[in-house]
Protein chains: 2
Amino acid sequence: MKGCETANSPDRGRTVISRALAILGTFTTDRPQLTLAQICRQTGLRHATAHRIVGELAAWGALERKPGGAYVVGLRLWELGALNPRALPLRVLAMPVMEDLHAATRQHVQLAVLQGTDALVVERISTAHAVPIVSQVGGRVPLHASAVGKILLAHGDETLLDTIVGKRLSRFTPATITDPGELRVTLAECRRTGVAIVREEMSRGTYSVATRITDSKDRVVAALSVIGADPATQRLIPAVVVAGRSISRDLRSAR
Amino acid sequence: MKGCETANSPDRGRTVISRALAILGTFTTDRPQLTLAQICRQTGLRHATAHRIVGELAAWGALERKPGGAYVVGLRLWELGALNPRALPLRVLAMPVMEDLHAATRQHVQLAVLQGTDALVVERISTAHAVPIVSQVGGRVPLHASAVGKILLAHGDETLLDTIVGKRLSRFTPATITDPGELRVTLAECRRTGVAIVREEMSRGTYSVATRITDSKDRVVAALSVIGADPATQRLIPAVVVAGRSISRDLRSAR
DNA sequence: GCGCCATGTCCGGTGAATGGACATCCGGTG
DNA sequence: CACCGGATGTCCATTCACCGGACATGGCGC
């Protein structure tokens, strides 16, 4: 490999594929549907170009056109995404255990994996009467302020931690850890105990505990958490750990 | 110059995007991971071309490289696919009701939407002790031999039915409907009653009933089914209908 | 009517994509 | 160990698909 890491950042992509991917990248949870004009503005592409690319993507099923004329991500992409081993296959294994954990605790149960510099929520079981929480399936939560995030960060690459710290630890509540040193101590604790505890660090009135999920080679591939409304949520640590190890075991025997 | 069409591909897509999509399209539930060489064989692309495109897709996160060298669909695509309104958002609304239906019946519960000429299973709740079934989340089931499929087909475009009938109705069991006329009668019945009943038409020993899920404009957007092990599964029709209407109502108020 | 904006279509110049050739790395085999 | 077949990775001159300015269409409000 040559020193060719200057590929993407300087300007917007020159290759057709990068443009197509840029178009796909404009779709987010906040903006799940876009018109052609919006896509043009977002990507900076000429409308003729965007029109052609979007047309091709839509013809294949990567995008779909709604009656109004707006585009949404196509079902075909969902189908494709379902093949990712850390998403749906993991979920299929984890779901029964998550149900058990939910039944035993009556609290939100979350499953997340590492995606870039965030934790991606792959599955969640909620109760209508439990604490309202912001996260959603398919959404992201910060690594330094969530229980699942801390687990993933603690077992992640050293450079990942540097990246996270490097772009400053954003504050959500007074309890959010924003000091790099303090974060490192906390993460070391996570590695030692295998458990992460978060007390109102992401939003007031929510407490959560998380544990790791490992694959057959003992690599941490996901994190499992329970989210409650009071500090006593800590008492659920044993339940979470049991569930986490159960999923890890299923994962081991499955592959 | 042009004399290089060689053997396999008469006139494959010549645009870059179509090639990239062709590469993505080679990933299926049967072949969730592929090496570069396999991708080349599948798509008929030169390895230099595939190498470059795959590299670009992987850099963006549409594909991921496993330790062994094989590629899998990237988590970023799952994240994108989660934005499709007929996939995850629908699922979020349907899930609580599906749980209820599952609790009340102790049978498999399935949610499917129309994708091309198949029914795509978007969500499923299973029990370890229930009938083993072939379908899986992210997988497809035939429109003419499954309960969810019949519902979707009955309310689909007229041309869709022509297409399905046109490429012959494949037989899975002696009970599978393979006669176009008989199928049309069955579908008319589905439209009239709002319920589809399937008795061992897809696999022996499985019986299922399905109902439709409609959006705020009364368009059928999905189908909900319960799958049991004996003909008495029909007694669950009222439960399925109630659940289906409940989801439809939630769908109406949500958007 | 008229302007405004979004979408859709066309065509000539040109630079990104192609694919043949070469290089490297690995596991199997005589 | 030398050899081989197959897979991955890299390079570069040729050329053809892509780009984007320009024009056409269609809806909406004034």
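First the proteins, then the strands, lettered A, B, ... as listed; each starts at 1.
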**OP:** Would you indicate which nucleotide in D:dG20, C:dG8, D:dG9 comes nearest to any side-chain atom of B:His47?
**Re:** D:dG9

Subject >> Residue of the set A:Arg245, A:Arg252, A:Arg249 for which salt bridge (Lys or Arg N to Asp or Glu O under 4.0 Å) holds with A:Asp218 >> reply: A:Arg252

Subject >> B:Trp60 vs B:Arg76 side-chain heavy atoms within contact, under 4.5 Å >> reply: yes

Original post:
Between A:Arg14 and B:Glu56, is there a side-chain N and carboxylate O pair less than 4.0 Å apart?
Top reply: no

Original post:
Taking the side chain of A:Val16 as heavy atoms from C-beta outward, which of C:dA16, D:dG20, C:dG8 is closest to it?
Top reply: C:dA16

Original post:
Can you tell me how far C1' of D:dT8 sits from CG of B:Leu45, to the nearest Å?
Top reply: 16 Å

Subject >> Gap between atoms CZ and P, on B:Arg14 and D:dC16 respectively (whole Å) >> reply: 13 Å

**OP:** Round to the nearest Å and state the distance from B:Arg41 atom CZ to D:dG5 atom C1'.
**Re:** 13 Å

**OP:** Tell me, yes or no, whether the heavy-atom count around A:Arg91 atom CZ, taken from other residues, nucleotides or ligands under 6.0 Å, exceeds 12.
**Re:** yes

Subject >> Nucleotide C:dA16, atom C1' - distance to CZ of A:Arg19 in whole Å >> reply: 9 Å

**OP:** Would you kindly compare A:Gly69 and A:Ile17 by the position of their nearest DNA chain C nucleotide and give the one closer to the 5′ end?
**Re:** A:Gly69

Original post:
Of the nucleotides D:dA7, C:dG8, D:dG21, which has the atom closest to the A:Tyr71 side chain?
Top reply: C:dG8

**OP:** Measure from CD1 on B:Ile53 to C1' on C:dG19 and round the result to the nearest Å.
**Re:** 12 Å

Original post:
How is B:Ala48 classified with respect to the nucleic acid when contacts are heavy atoms under 4.0 Å: base, sugar-phosphate, or nothing?
Top reply: base

Original post:
Can you check whether B:Arg46 has a side-chain N or O nearer than 4.0 Å to OP1 or OP2 of D:dT8?
Top reply: no

Original post:
Please give, in whole Å, the distance from D:dT10 C1' to B:Leu36 CG?
Top reply: 13 Å

**OP:** Could you state the atom-to-atom distance from CG of B:Leu63 to P of D:dT8 in whole Å?
**Re:** 13 Å

Original post:
Which of the following nucleotides, D:dA7, C:dT9, C:dG19, is nearest to the side chain of A:His51?
Top reply: C:dT9

**OP:** Considering just the side-chain nitrogens and oxygens of A:Thr49, establish if one lies under 4.0 Å of OP1 or OP2 belonging to D:dG20.
**Re:** yes

Subject >> Partner nucleotide of C:dG30 by Watson-Crick or wobble geometry (both distances under 3.5 Å) >> reply: D:dC1

**OP:** Please report, rounded to the nearest Å, how far the C1' atom of C:dC5 is from the CD1 atom of A:Ile39.
**Re:** 16 Å

Original post:
Out of D:dT8, D:dG20, C:dG19, which nucleotide sits closest to the side chain of B:Arg65?
Top reply: D:dT8

Original post:
Can a donor-acceptor pair be found between the side chains of B:Arg212 and B:His155 at a distance below 3.5 Å?
Top reply: yes

